[in-house]
Amino acid sequence: MTQRDKAYQLSNHDFSFLCQFVYDIAGIVLNTSKREMVYRRLTRIIRERKLASFTEYCDLLRKEPEKEKDYFINAITTNLTSFFREQHHFDYMTQHELPKLIRNSLSHHKRLRIWSSASSTGEEPYSIAITVFEAMKDQLSQWNLKILATDIDSNVLDTGRKGIYDERRIEDVPRKFKEKYFHKGVGKNSSKVKVDKQLQQLITFKSLNLLHDWPIKGPFDIIFCRNVIIYFDKKTQQELFARFYEMLTPGGLLILGHSENLGEYQAHFENVGRTIFRKAF
Ligand SMILES: C[S@@+](CC[C@H](N)C(=O)[O-])C[C@H]1O[C@@H](n2cnc3c(N)ncnc32)[C@H](O)[C@@H]1O
């Protein structure tokens, strides 16, 4: 931490207020181990707002919560993600789920809906889109395919919508996919790639707080909810699982992140792979 940053004092009282504020808005539980992170991420806003202290910032949040809450949430959320993160989930789709859906589809009902429910900057829904395209290549035109990508953070949604990434972010993407689905920039954009339009057309990016109402239309065949529920408490997690259950088709999949599990809600699903759960038929 720089000398300049140390100029701001973060008292226990202000830290408790900030923890409660983020919990009330996003369900994210912050404990004292996150104090440094909160400090780092919020000092930027304090400077931008030309405030003198964390106390002044907390006062501003109390006075104008509606106006300030998006900046606050965008600063505080952890958006770490990557293309084909947890590859085994995409392998399961390729080897089991998509062939099964294709086999079982009726000629008049070729409908597939997938929801990436904490999509961050878009790498997850684009990886899903590539996986679906590859599995359905011969019969894409017969299918009504849609991927919904949602997140609470408006900045990451903008990045996802644009679909422009540093080339380094696709280093580990198989070469055949790089060539087929990413276009290299030219001139001052030569270190960037843009995802192909056909993938973008499949995905709708939308702001959605998992804790609030979900103004979306299901049911979904697959829901990805990866690496977000770890930030929630057990009660919020169980409530979410019940809502995801309702949003899934019978036999649909709920896919969680590597360190996440369904806890007591496991009884409603069958565990069919590493952190892959199938709603009972
Ligand atoms: C670590 S990222 C995970 C991204 C992706 N699912 C993955 O596994 O690579 C967690 C995402 O959850 C989002 N998030 C946090 N709280 C949320 C909430 N209450 N509603 C919706 N999204 C939320 C954050 O903005 C962040 O983009």
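Below, each value reflects all heavy atoms present in this structure, side chains not excepted, and no hydrogens, waters or symmetry copies. Atoms within a ligand are numbered from 1 in the order they appear, just like the ligands themselves.
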Answer with yes or no after comparing the ring centroid distance for [X] and [Y] against a 6.0 Å cut-off, counting only values under it.
| X | Y | value |
| --- | --- | --- |
| Phe83 | Tyr165 | yes |
| Phe277 | Tyr265 | no |
| Phe133 | Trp143 | no |

If the criterion is any heavy atom closer than 4.0 Å to an atom of ligand 1, which residues make the list? Ala26, Ile28, Thr77, Thr78, Asn79, Leu80, Thr81, Arg85, Ala118, Ser120, Glu124, Asp151, Ile152, Asp153, Leu208, Asn209, Leu210, Arg226, Asn227, Val228, Phe232

For Phe241, enumerate each residue passing the ring pair (Phe, Tyr, Trp, His ring centres under 6.0 Å) test, keeping only those at least two apart in sequence or located in another chain.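 With neighbours one apart ignored, the set is empty.
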
Residues in side-chain hydrogen bond (donor to acceptor under 3.5 Å, both in side chains) with Tyr92, at least two apart?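 Here the qualifying residues are Arg278.
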
Only distances under 3.5 Å count here; give the side-chain donor-acceptor pairs of residues 226-233 to other protein atoms, sequence neighbours excluded, each with its distance to 0.1 Å.
residue : atom : partner : partner atom : Å
Arg226  : NE   : Glu124  : OE1          : 2.8
Arg226  : NH1  : Arg85   : O            : 2.8
Arg226  : NH1  : His89   : ND1          : 2.9
Arg226  : NH2  : Arg85   : O            : 3.4
Arg226  : NH2  : Glu124  : OE1          : 3.2
Asn227  : OD1  : His258  : ND1          : 3.4
Asn227  : ND2  : Glu86   : OE2          : 3.0
Asp233  : OD1  : Thr236  : N            : 3.0
Asp233  : OD1  : Thr236  : OG1          : 2.6
Asp233  : OD2  : Tyr23   : OH           : 2.6

